[in-house]
Participant: 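My structure is below; once you've seen it, I'll send some questions.
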Amino acid sequence: MSNKYTIEGNGAVPQSKYRRDAPLFGGAITTDLPKEFIDASTIREVPDNQEVFLHRDGNCSIIIEVVERACPPDHPCKTDMEALDYHYKDATTNEYTNNSRNGYEVQEVTNVWHKDPINLLGFEDNQCYFITATQTPYRSIRDNRLERAKSNELPEFTWIEMTLIRLEKQATDLLISVNIPVPAGSYPKEDMRPDVGRVPFWVEKGCEWSETIRSNMEIRDWGLFGA
């Protein structure tokens, strides 16, 4: 599924350039990565089952993760869509969710814009899925009502693109997540209309990065999964 949006706003950054066939997990997987991202393992510890890349000029991140296949009996997921929901919820549970900050409880409200099966070149024998959603921080106030959280530590919302590739024979799920925190006041409000295909500039870039990474992903050493 192509995920195209109209670029709105005047974010002036150079057109993205990619490192072709960038090696992941010691070269067992390759894909095209935008050059403006740096390997997070050069500045902090990263789990062995993840490859994490951080944008050099902001808080955007790309996470490629190899995890245990979400299915019975170890997981309650009975369908692929339930597995996608499970992985999304697991990935978006962070330090702000249901934690007390500045004297109030912060919650994140999810809006899902797309959730569909997709076809990926090289993974024709695998079930692949894609979800696009926004996470918006809110704070709890009296009477169990919610209001938008206001804090310099919190974005107005985070745009998340997650691709799930189900490797059934390897009992593995391969996840690609692109996370785009969008600060308040960084875009005209009329530009955030995903329902009609309009999104702010950096969200458009995130859509491009996500589609390029998943469309060019190739597994070169299946031994990575213990097969």
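Residue numbers start at 1 and run along the sequence shown. Everything numeric here is computed off the predicted structure, so don't read it as measured data. Computation of the quantities below employed the complete heavy-atom set of this structure, encompassing side-chain atoms and omitting hydrogens, waters and symmetry-equivalent molecules.
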Participant: A side-chain contact here means heavy atoms from C-beta on lying under 4.5 Å apart; do Ile43 and Leu54 qualify?
Facilitator: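 They are in contact (side-chain heavy atoms under 4.5 Å apart), so the answer is yes.
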Participant: For Tyr129 and Asp116, what are the C-alpha separation, side-chain angles and deciding distance, and is it a side chain to side chain donor-acceptor pair (under 3.5 Å)?
Facilitator: CA-CA 6 Å; Tyr129 299 86; Asp116 298 291; over 6 Å; no
Participant: Begin with the C-alpha distance, continue with both residues' side-chain angles, and end with the deciding distance and a verdict on side chain to side chain donor-acceptor pair (under 3.5 Å) for Gln135 and Thr110.
Facilitator: CA-CA 5 Å; Gln135 294 286 119; Thr110 301; 2.3 Å; yes
Participant: Within a 6.0 Å radius of atom CD on Glu124, are there more than 12 heavy atoms belonging to other residues, nucleotides or ligands?
Facilitator: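 Check passes, neighbour count above 12.
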Participant: State whether Lys189 and Glu156 are salt-bridged, where the test is any N-O pair (Lys NZ or Arg NE/NH1/NH2 against Asp/Glu carboxylate O) under 4.0 Å.
Facilitator: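 Judged by the 4.0 Å cut-off on N to carboxylate O distance, Lys189 and Glu156 do form a salt bridge.
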Participant: Step through the shown structure and confirm whether more than 12 heavy atoms of other residues, nucleotides or ligands are within 6.0 Å of CG on Asp21.
Facilitator: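 More than 12 within 6.0 Å, yes.
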Participant: Do Ile160 and Leu164 belong together in a cluster built from hydrophobic side chains that touch within less than 4.5 Å?
Facilitator: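 Shared cluster, yes.
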Participant: Is the shortest distance from a Lys or Arg side-chain nitrogen in Asp125 or Arg166 to a carboxylate oxygen in the other one below 4.0 Å?
Facilitator: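 So Asp125 does not pair with Arg166 through a salt bridge.
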Participant: Measuring from atom CG of Leu167 to atom CD of Gln127, what distance do you get when rounded to the nearest 0.5 angstrom?
Facilitator: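 Here the rounded value is 11.5 Å.
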Participant: Can any side-chain N or O of Gln50 pair as donor or acceptor with the backbone N or O of Val46 at less than 3.5 Å?
Facilitator: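 No, because the side chain of Gln50 does not come within donor-acceptor range (under 3.5 Å) of the backbone of Val46.
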Participant: Not counting sequence neighbours, which residues clear ring-ring contact (aromatic ring centres under 6.0 Å, His included) with Phe37? List them please.
Facilitator: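 Listed in chain order: His55, Trp209.
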Participant: For the pair Phe157 and Asn111, evaluate side chain to side chain contact (heavy atoms under 4.5 Å, CB included) and give the outcome as yes or no after the intermediate values.
Facilitator: CA-CA 10 Å; Phe157 66 88; Asn111 288 318; over 6 Å; no
Participant: With a 4.5 Å cut-off on side-chain heavy atoms, are Met162 and Thr132 touching?
Facilitator: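 Answer no - side chains too far apart.
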Participant: Grouping I, L, V, M, F, W and Y whenever their side-chain heavy atoms are under 4.5 Å apart, do Tyr86 and Met81 come out in a common cluster?
Facilitator: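 No, because Tyr86 and Met81 fall into different hydrophobic clusters, even though each may have its own neighbours under 4.5 Å.
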Participant: Please examine the side chains of Ile62 and Ile213, heavy atoms only from C-beta on, and report whether any two atoms are closer than 4.5 Å.
Facilitator: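 Yes, at least one pair of side-chain atoms sits under 4.5 Å.
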Participant: Side chains of Trp113 and Ile131, heavy atoms from C-beta outward: is any pair under 4.5 Å?
Facilitator: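 Result no, sub-4.5 Å side-chain heavy-atom pair not found.
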Participant: Taking C-beta and beyond as the side chain, do Leu84 and Lys115 meet within less than 4.5 Å on heavy atoms?
Facilitator: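 When only atoms from C-beta onward are counted, Lys115 and Leu84 do touch, with a gap below 4.5 Å.
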Participant: Would you say Ser61 and Val178 make side-chain contact, with heavy atoms under 4.5 Å?
Facilitator: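 No; the side chains remain at least 4.5 Å from each other.
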Participant: Side-chain heavy atoms under 4.5 angstrom apart, residues restricted to Ile, Leu, Val, Met, Phe, Trp, Tyr: same cluster for Met217 and Leu224?
Facilitator: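 Cluster IDs for Met217 and Leu224 match.
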Participant: Evaluate the criterion side chain to side chain contact (heavy atoms under 4.5 Å, CB included) for residue pair Phe53 and Asp39; output intermediate values, then yes/no.
Facilitator: CA-CA 5 Å; Phe53 300 91; Asp39 186 344; 4.2 Å; yes
Participant: Please report the interatomic distance OH(Tyr18) to CG(Asn216), rounded to the nearest 0.5 Å.
Facilitator: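 Going from the OH atom of Tyr18 to the CG atom of Asn216 covers 9.0 Å.
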Participant: In this structure, would Val52 and Phe25 fall into the same cluster of hydrophobic residues linked by side-chain contacts under 4.5 Å?
Facilitator: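 Val52 and Phe25: separate clusters.
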Participant: Measure the spacing between NZ of Lys205 and OG of Ser210 and express it to the nearest 0.5 Å.
Facilitator: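 Answer for the NZ-OG pair, Lys205 versus Ser210, is 13.5 Å.
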Participant: When rounded to the nearest 0.5 angstrom, what distance separates CD in Glu65 from CG in Leu24?
Facilitator: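 It comes to 13.0 Å.
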Participant: Using modelled atom types only, decide if a donor and an acceptor are shared between the side chain of Thr158 and the backbone of Ile180 within a distance under 3.5 Å.
Facilitator: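 Checked: no pair found.
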Participant: Starting at CG of Asp85, measure out to NZ of Lys89 and round the result to the nearest 0.5 Å.
Facilitator: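 Asp85 CG to Lys89 NZ: 10.0 Å, rounded to 0.5 Å.
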Participant: Any chance you could measure Arg214, atom CZ, to Thr163, atom OG1, to the nearest 0.5 Å?
Facilitator: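 Here the rounded value is 4.5 Å.
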Participant: Hey, is Asp32 close enough to Arg19 for a salt bridge, meaning N to O under 4.0 Å?
Facilitator: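 Arg19 and Asp32: not salt-bridged.
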Participant: Does Glu218 CD have over 12 foreign heavy atoms under 6.0 Å away?
Facilitator: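 Above 12, so yes.
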Participant: Before you tell me yes or no, could you show the steps for Ile63 and Leu175 under side chain to side chain contact (heavy atoms under 4.5 Å, CB included), namely the whole-Å CA-CA distance, both residues' side-chain angles and the distance that decides it to 0.1 Å?
Facilitator: CA-CA 8 Å; Ile63 303 174; Leu175 301 171; over 6 Å; no
Participant: Run the side chain to side chain donor-acceptor pair (under 3.5 Å) test on Glu161 and Trp159 for me, step by step, so that the C-alpha distance in whole Å, both residues' side-chain angles and the decisive distance to 0.1 Å come before the verdict.
Facilitator: CA-CA 7 Å; Glu161 304 236 337; Trp159 181 276; 2.9 Å; yes
Participant: Set out, in order, the CA-CA distance, both residues' side-chain angles and the distance that settles side chain to side chain contact (heavy atoms under 4.5 Å, CB included) for Tyr88 and Val112, then state yes or no.
Facilitator: CA-CA 11 Å; Tyr88 179 85; Val112 176; 5.7 Å; no
